[in-house]
Protein chains: 2
Amino acid sequence: MQSRSTPSTRAGGRPRSTEADTAILEATRQALVDLGWTKLTLGDVATRAGVAKTTLYRRWAGKSELVVDAVAELFDELELPDSGSLATDIEGVVLQFAALLGRPETKTALMAVVAESTTDEPLRERIRASIVDRQKRLVLAGRARAQDRGELPAEPDTAAAARTADLIFDVIAGAVVHRALVSAEPVDAEWAEQFTSLVLGGLAAVSGRGPAAVPSAPDTAP
Amino acid sequence: MQSRSTPSTRAGGRPRSTEADTAILEATRQALVDLGWTKLTLGDVATRAGVAKTTLYRRWAGKSELVVDAVAELFDELELPDSGSLATDIEGVVLQFAALLGRPETKTALMAVVAESTTDEPLRERIRASIVDRQKRLVLAGRARAQDRGELPAEPDTAAAARTADLIFDVIAGAVVHRALVSAEPVDAEWAEQFTSLVLGGLAAVSGRGPAAVPSAPDTAP
DNA sequence: CAGTTACGCTACGAGCCGTAGCGAAAGCCA
DNA sequence: TGGCTTTCGCTACGGCTCGTAGCGTAACTG
């Protein structure tokens, strides 16, 4: 959660103001809302946060790193609600993620930092650690819970299980992002329902034999 | 394909140099390779193309529009190979798209312009018209072909058919982009195969009853 | 030939970047 | 208490990019 790794050498000396940290990250999110990624400048963020511009540069290497940390905090909200079935679990996660992508801060920032990360390996790693892994945990938790319920079979082959989890994760996160940001169409309950039935049906096909229970067509239209 | 809509009022006067157009777009792609999206400047592109900087500003509103046009040309390469079955058609498209995303120009540019488009509605429309629709056509063509083969049932409900096509498109494009750019893991034949079987299995579940032929588990592991 | 539009070139104010240097503040430790 | 260390706010700076204005010239039309 801390911006830098270790405060360099030792303890001793004036400690970094944690209030400044929270003020800066909050100011960054607000600046994203008001200006968007491109027009956001570090000088403006510093003014909003009530700190000196040099303080920003002492803690973050640049705009990308700062924004990653700022939006990463929003991903703490993501949870896996125990809704009783795998289908409703997936729908819940999809709608939560969509709500996050609906906010102007994340909407304008997420794709931008990913674009940056294509030519900046450390940045990619930072995104993976503070954002992507946080989402992926939901997929793993959802599967474990479904296996406890008996909705999904246990997978003794750990390598294959990891491959499948990666696949499912890319499908869910990718589809939601694409629908929300590229197609720019609403990710509502109806879409989540149809998408979930696709994932569940696909899960049956991809994990060898079919799972314990997959509805053929839930209740989209009578 | 032309940068601007109509050359304003009338014909008459010196025509725009089409050679300059191609030189600028090619220079833009090369600059994307060498510098990446962020460090790319219009002044640099103008120098590479051998034209004046003012010429660039006369034709494009800004960096985003120019880059969209530059990478859009690359999407002309996308085709739907008639491979004989829906499964191999999908795998082919996935691998083609992945190859496109593997190129450094598109890798760094695509996410960046989409990020821009979240706060720039005309830009989003430009992207849709020159890039997204070009991809979506492949999905529609693939479905039509599969219906001709008898692999998929005809869909009398055109509204539902459109919804399903949109869903499938977001799933395919989103998953490939997420795998390639966010997870940053290879989109190879093995992944394409597993992903395709997921899509086909999901297609069976989402389009009411099952289609004519869906393999339970192709040949991923013996 | 006159009329119209695109072109290359130069120059400019404006804005942001990222850093250096300073004195003061805020903690630790003897 | 005094010394040591680190962070802080502030100011100032060179360097770069932006986007535009103005000019004379080139190319094509009627």
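Just so we're on the same page: letters track the sequence lines, and every chain starts at 1.
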Task: Separation of D:dC16 P from B:L40 CG (nearest whole Å) - done: 17 Å
Task: Distance-only donor-acceptor test, A:T54 side-chain atoms vs D:dC10 base atoms, 3.5 Å - done: yes
Task: Whole-Å distance separating the CG atom of B:L42 from the C1' atom of D:dT20 - done: 13 Å
Open item on the list: Without decimals, in angstroms, what is the distance between A:R16 CZ and C:dA25 P?
Closed with: 21 Å
Task: Side chain of A:R58 (C-beta onward), nearest among D:dG22, C:dG21, C:dC16 - done: C:dG21
Task: Charged N-O contact under 4.0 Å between B:E73 and B:R29 - done: yes
Open item on the list: I'd like to know if B:D76 pairs up with B:R134 as an ion pair, taking the criterion as any Lys NZ or Arg NE/NH1/NH2 lying under 4.0 Å from an Asp or Glu carboxylate oxygen.
Closed with: yes
Task: Separation of atom CG in B:L35 from atom C1' in D:dC16, rounded to whole Å - done: 14 Å
Task: Side-chain heavy-atom pair A:S64, A:R126 within 4.5 angstrom cut-off - done: no
Task: A:R163 bridged to B:E190 by N-O distance under 4.0 Å - done: yes
TODO: In whole angstrom, give the distance that lies between atom CH2 of A:W60 and atom P of C:dG18.
DONE: 15 Å
TODO: Look at all strands and tell whether B:S17 reaches a base, only sugar-phosphate, or nothing, counting heavy atoms closer than 4.0 Å.
DONE: sugar-phosphate
Task: Which nucleotide in C:dC17, D:dC28, D:dT7 has an atom nearest any side-chain atom of B:P15 - done: D:dC28
Task: Between CG on residue B:L167 and CD on residue A:Q194, distance to nearest 0.5 Å - done: 4.5 Å
- [ ] Whole angstrom is fine here: how far is it from CG in A:L56 over to C1' in C:dT19?
- [x] 14 Å
Open item on the list: By nearest atom, which of the nucleotides D:dA26, C:dA25, C:dC17 is closest to the B:R14 side chain?
Closed with: D:dA26
TODO: To the nearest Å, give me how far apart OH (B:Y57) and P (D:dT20) are.
DONE: 7 Å
Task: Interatomic distance, A:I24 CD1 vs D:dT7 P [rounded to whole Å] - done: 13 Å
Open item on the list: Both A:T55 and B:D44 contact DNA chain D. Taking the nearest nucleotide for each, which residue is further toward the 5' end?
Closed with: A:T55
Task: Distance-only donor-acceptor test (3.5 Å): side chain B:K53, base C:dG8 - done: no
